[in-house]
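Written out below as structure tokens is the structure these notes cover.
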Amino acid sequence: MLYAKIVLGIPVEGPFDYIVPEGLSEKIKAGSRVRVSFRTQQAVGYVVKLTKKSNINNVKPILALIDEVPILDKNILSLTKGLSEYYCCSWGEAIETALPEVLRKGRKISQNINIIEETSIRYDFRPEVTLLHDLDGDARWEIYLKSIKEALDSNRSIIVLLPDISSVLRAKEKIYAHLGIIPALLYRKQPQELSEWLKLKSGQAKIVVGTRSSIFAPLNNLGLVIIDEEHDPVYKQDQVPHYHAREVAYIRIKIEKAKLILGSGRPSLETFYSAKQDKIKYKFISRIKDFLQIKIIDTGYLDKISKQKNIFLSKYLEDSIAHTLNAQGKILLFLNRKGFATLASCISCGKSLRCPRCNVNLVYHFKDNILNCHYCNFKMQPPQICPNCNSGYIKYSGLGTEKIESELSRLFPQVRIKSLDSRKQIDFSDIDIFVSTQAIIKDPDCSFDLVGVLAIDNSLNRIDFRASEKTFALLIGLLKLTGKKMIIQTRLPGHSCFQALEKKDMDIFYAEELRQRKALKFPPYGHLGLIKLRGIKEERVKEASSSLFDRLNRFKKRNIKILSVNSGQPAKLRGNFYWQILIRGKEPRNLSSFLKNHLKDFPHSGIIVTVDIDPV
DNA sequence: AACTTACTAGCA
DNA sequence: GCTAGTAAGTTC
């Protein structure tokens, strides 16, 4: 008797044994998509192994084979296995994230498409990762195109990942213009998703350009993966399984012996650190241009005089705006409207109050008159005097509203001013001053003579251990928009973010940020895991969280630390109450298997538990 | 996840 | 003794 071990797209590990019917024994292979009855229902399943024996009592037969040829090749099978081990999900869930939606639902592939069986050619390449640290996107593309050509010449295929769809479309044009090839395009919700997927599966297309999920594209002989703007958090999926395309790429190139190029003008700390450790190659191309003027303005003094009036422009910035206007120049004023977290900071020294254990900003809660850390739940009474400089007093500030546009009209009555909050197509030609949020950075061809950065401290002071990293990436993104001058207003002029820019030496930022991460054993010196619990009844979620916290503490192993349990942020969302447990470990796979073991038999009726490894 | 079965409190 | 509502257990 022949049995198949089958996994399903549900959060249950499996695999489940099924009998292979006589007539199918020739056709069914590892990687086949089949229809099975599961409990009382029918489901789509994926064969991961064939065996002669089974220890299960009442084994059911496979109902039908869906595809003539296995839909998952060996490489995709081991990639998804690896994904499930890293990201704490079932193998079946991992397989389903790697497939187009219609195939997950069991639709048949039409007969006239010729899926080629796995090739057995093995090129003896060594997996190799390179960080291309380059501010200039065009220069990065020169290297990408050269590498793509090389891969094609040795008959290997290529995946190019970009953060968003408009970048994908631009990349397609570049590839067509330089190599004369039309690549397949993949992104979720692409109407042609299946036909593009099949082009790759059948070998008709050898290059795919796409967003995050394209890292799973079904290519034969993968030789090269390019991830542009590798620092971008959109490469992390915000649903289960919470994978990061960069991490999946690492797993995939090891399996397929391919090369990986990570390109960015502002690399993630993970990638930068790997480069520093010589674990990956490092190519540093363009520095911040010498002719750019970057000015950091300490606006601590504005707090004192802006009590009555809403003054948001330093004298220096105001003068520079006037000067630029006189010279018919264009100005961008950047204002990050996000981040309404109420912050406690000292007027005199500018330091915000931070958690002694987590080094993140404490959040002031008006209602309870208490300062609280959202990472470890540390609480303290607000101090009367600043613990840093002993003088001054502590100020609690939210973010000022953006009346900026109207205020500016008052200051510069003759000037054409516009602000952008939604992502509409804008015509820059009839605007002098443009007020915008970070949406502007995604616009590839806008350029200003002066970029003024307002209220950046709100971004820096977010309750997130990656706040500095994200702020730095944001500033570098803004820097690319100016051809001449950038002025940054801050109450924290000494922060490494700004120092790095002022001195035009990015290492200043990376060195300082790595030092802080190391002290806390936070990424890239360790890995975090976030367990989220949600349910309708607040008390029950809270109780379950603390009992899970105790349970994990009881069973915790070497190299795993259970850091904290606290209510989620927001604590209530769409009728559900949220709690979360943060753990830290050396190896993500250990975190995952530890959690799989102890969540399996954790009773959590009415509560949904999800795991996010390496949260961003 | 989606389902079945076991158990509980509330009621006449 | 009955049942609605919920907790717990199972899936090959």
Side-chain angles (χ1 to χ4, degrees), chain A residues 1-25 28-66 72 77 80-81 83-84 87-99 101-106 237-243 531-548 551 574-579 592 595-612:
Chain A
M1 185 75 90
L2 189 60
Y3 297 92
K5 295 206 172 288
I6 289 173
V7 296
L8 307 161
I10 56 170
V12 181
E13 195 63 61
F16 301 96
D17 292 2
Y18 284 87
I19 294 167
V20 178
E22 278 297 303
L24 293 178
S25 59
I28 282 192
K29 294 181 180 136
S32 291
R33 196 164 56 125
V34 294
R35 196 165 278 290
V36 292
S37 82
F38 185 68
R39 251 180 164 249
T40 55
Q41 310 209 114
Q42 276 199 21
V44 174
Y46 308 91
V47 177
V48 293
K49 208 183 168 185
L50 293 168
T51 57
K52 296 257 165 65
K53 267 197 269 178
S54 171
N55 299 323
I56 305 300
N57 283 332
N58 301 309
V59 186
K60 295 177 182 174
I62 290 170
L63 299 177
L65 174 67
I66 301 178
L72 306 156
L77 278 174
T80 48
K81 185 85 199 310
L83 182 88
S84 73
Y87 286 107
C88 198
C89 67
S90 72
W91 194 353
E93 285 177 294
I95 287 173
E96 295 218 326
T97 51
L99 288 178
E101 195 185 334
V102 288
L103 296 182
R104 298 199 296 264
K105 288 184 174 150
Q237 180 155 69
D238 56 9
Q239 279 160 11
V240 177
H242 292 279
Y243 71 88
I531 306 142
K532 287 185 232 172
L533 298 93
R534 67 173 202 268
I536 309 287
K537 290 186 181 143
E538 190 171 16
E539 259 326 289
R540 290 189 55 101
V541 181
K542 189 178 165 184
E543 273 164 28
S545 306
S546 64
S547 96
L548 180 57
R551 184 194 191 88
R574 279 180 252 110
N576 273 301
F577 289 91
Y578 285 75
W579 275 73
S592 255
L595 289 175
K596 270 185 187 174
N597 280 339
H598 298 295
L599 286 175
K600 205 170 44 196
D601 48 355
F602 173 68
H604 53 273
S605 169
I607 291 161
I608 294 161
V609 183
T610 57
V611 174
D612 184 354

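So you know, we letter chains A, B, ... as the sequences are listed, proteins then strands, and number each from 1. Hydrogens, waters and symmetry mates are skipped; everything else that's a heavy atom, side chains included, is used.
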Under 4.0 Å, counting only non-hydrogen atoms across every strand here, what does [X] touch: a base, just sugar-phosphate, or nothing?
X: V12(A); answer: base
X: N58(A); answer: sugar-phosphate
X: Y18(A); answer: sugar-phosphate
X: S90(A); answer: nothing

Just the rounded figure in Å: distance from [atom2] of [N] to [atom1] of [X].
X: Q41(A); N: dC3(B); atom1: CD; atom2: P; result: 4 Å
X: L50(A); N: dC12(C); atom1: CG; atom2: P; result: 19 Å
X: I536(A); N: dG5(C); atom1: CD1; atom2: P; result: 16 Å
X: R534(A); N: dA1(B); atom1: CZ; atom2: P; result: 8 Å
X: F16(A); N: dA2(B); atom1: CZ; atom2: P; result: 14 Å
X: K5(A); N: dT11(C); atom1: NZ; atom2: P; result: 14 Å
X: N57(A); N: dT10(C); atom1: CG; atom2: P; result: 14 Å
X: L63(A); N: dC12(C); atom1: CG; atom2: P; result: 11 Å

Quiz item: Is the side chain of T80(A) donor-acceptor paired with the backbone N or O of A94(A) at a distance under 3.5 Å, no angle test?
Solution: no

Quiz prompt | Any donor-acceptor N/O pair, R33(A) side chain to V44(A) backbone, under 3.5 Å | solution = no

Practice problem: Kindly say if R540(A) contacts the phosphate of dT6(C), meaning a side-chain N or O under 4.0 Å from OP1 or OP2. | Solution: no

Quiz item: Is a salt bridge present between K542(A) and E538(A), judged by a nitrogen-to-oxygen distance below 4.0 Å?
Solution: no

Practice problem: To the nearest 0.5 angstrom, please state how far the CG atom of L50(A) sits from the OG atom of S25(A). | Solution: 10.0 Å

Self-check item: Listed once per pair and sorted, the salt bridge (Lys or Arg N to Asp or Glu O under 4.0 Å) pairs that draw on residues 47-62 of chain A, sequence neighbours left out
Solution: none

Quiz prompt | Which nucleotide in dC3(B), dC12(C), dA8(C) has an atom nearest any side-chain atom of F38(A) | solution = dC12(C)

